[in-house]
Structures are given as C-alpha cells and as structure tokens.
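If you read the sequence from its start, that first residue is 1, and numbering goes on from there.
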Amino acid sequence: MAKRQYLATATQVKQISTLTVGGVIEVGDEFKVTLTDEGMTSYLRTIVASSTVVNTVAAQIQADLAAQTTEPWTHATWTVAAAVITGTATIAGRPINIVISTNESGGGAADGQTFVLAT
C-alpha cells in the first residue's frame with residue numbers, strides 16, 4: 001500500500017468573510033465584531049446602530065472596522081455592498097478569526113435584527 005505524504009504545495013489564498021446585517025433594526029441596537037489574533041488575544045468592536053435602515057447600518061459597521069489602525073483589524077480590508085460587509089485578508093494564508101453577535105441596547109437579547117457570518 002502506498003504511503004501518503006503531505007507535500008504542502010497548495011497555493012495559499014486570502015480568506016474572505018462576509019458579515020450580513022438584516023432584519024428589523026432599531027436605533028441603539030448593538031452589533032459586535034470580535035477578532036482574535038495569533039496569540040489568542042481577542043479584540044472587540046461594538047457598533048451602535050444610528051439608523052433603522054439595514055444598508056446604512058452595514059455601512060456604519062464597515063466604516064468603523066475600516067477605520068481601525070491596529071492589529072488584528074489591519075489584517076483585513078473591509079468593504080461594504082448593500083447589507084454585506086466583506087473582510088478580505090491582507091496576507092494569503094493568514095486566517096481572520098472572527099466572531100459576531102448582535103443584541104439590544106444595554107445588552108438584552110436581540111429581537112428583530114440579524115447579523116450573520118460566512119467564511
């Protein structure tokens with residue numbers, strides 16, 4: 001029987017993750033994005049909705065993430081199209097460890113708003 005051998009010849013690619021805002025948003029709803037670096041330190045951004053319009057809130061979240069100038073936020077470029085925020089790794093093969101959540105103003109459970117991550 002042949003022995004399998006790992007050759008590590010695959011081309012590294014840039015990770016792409018999407019964060020999709022949806023549902024019924026109220027002013028004050030909180031959208032949280034947490035990135036974890038290679039040292040397992042987590043960094044949280046909480047963006048408070050200033051509008052009830054989904055696309056406007058998505059643009060607000062993207063603007064906040066893109067404005068960050070420290071690691072690990074700079075490990076990705078952040079763009080937005082309609083309700084979808086896209087984080088694209090700046091270096092091929094470097095993962096972006098993202099966790100997202102949403103809740104009501106003051107920390108209560110989310111009611112009508114949604115925030116969905118896909119990688």
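- In plain terms, the two heavy atoms of Tyr43 and Asp37 that are nearest each other are OH-OD2, 3.3 Å.
- For residues 48-68, there are no ring-ring contact (aromatic ring centres under 6.0 Å, His included) pairs, not counting sequence neighbours.
- Considering OG1 of Thr20 and CZ of Phe115, their distance stands at 8.5 Å, rounded to 0.5 Å.
- Of all the heavy atoms in Val116 and Ile100, the pair that sits closest is C-CD1, 3.4 Å.
- With a 4.5 Å cut-off on side-chain heavy atoms, Leu19 and Phe31 do not count as touching.
- Here Thr46 contributes atom OG1 and Asn103 contributes atom CG; the two are 8.0 Å apart, rounded to the nearest 0.5 Å.
- Counting heavy atoms from C-beta outward, Thr90 and Thr77 have side chains that approach closer than 4.5 Å.
- For the atom pair CD1 of Ile96 and OG of Ser17, the computed distance is 5.0 Å after rounding to the nearest 0.5 Å.
- The shortest non-hydrogen separation linking Glu26 to Asp29 is N-OD2, 2.8 Å.
- Here the CG-OG1 distance, from Asn97 to Thr34, works out to 11.5 Å after rounding to the nearest 0.5 Å.
- You'll find the side chain of Leu65 reaches within 4.5 Å of the side chain of Val33, heavy atoms only.
- Using modelled atom types and a 3.5 Å distance limit, the side chains of Ser51 and Gln60 yield no donor-acceptor pair.
- Residues Ala59 and Val80 come closest through the heavy atom pair N-CG2, 4.1 Å.
- Transitive grouping of hydrophobic side chains (ILVMFWY, heavy atoms separated by less than 4.5 Å) keeps Val84 and Ile47 in distinct clusters.
- Side-chain atoms of Thr36 and Ser42 form a donor-acceptor pair, as typed in the model, at a separation below 3.5 Å.
- For Ala82 against Ala58, the heavy-atom pair with the smallest separation is O-CB, 3.5 Å.
- The closest donor-acceptor contact from the side chain of Thr86 to the backbone of Thr79 lies at 3.5 Å or more, if one exists at all.
- Heavy-atom minimum distance, Trp78 versus Gln62: O-NE2, 2.7 Å.
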### Query
Should Val21 and Ile61 be marked as a side-chain contact (heavy atoms from CB on, under 4.5 Å) after you check the CA-CA gap, both sets of side-chain angles, and the distance that decides it?
CA-CA 9 Å; Val21 178; Ile61 295 167; 3.8 Å; yes

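- The CD atom of Gln113 lies 9.5 Å from the CD atom of Glu30; values are rounded to the nearest 0.5 Å.
- Gln15 places no side-chain N or O within 3.5 Å of a backbone atom of Arg94 that could act as its donor or acceptor partner.
- Expressed to the nearest 0.5 Å, how far CZ of Arg45 lies from NZ of Lys32 amounts to 12.5 Å.
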### Test side-chain contact (heavy atoms from CB on, under 4.5 Å) applied to Val27 and Thr52, step by step
CA-CA 6 Å; Val27 171; Thr52 60; 4.0 Å; yes

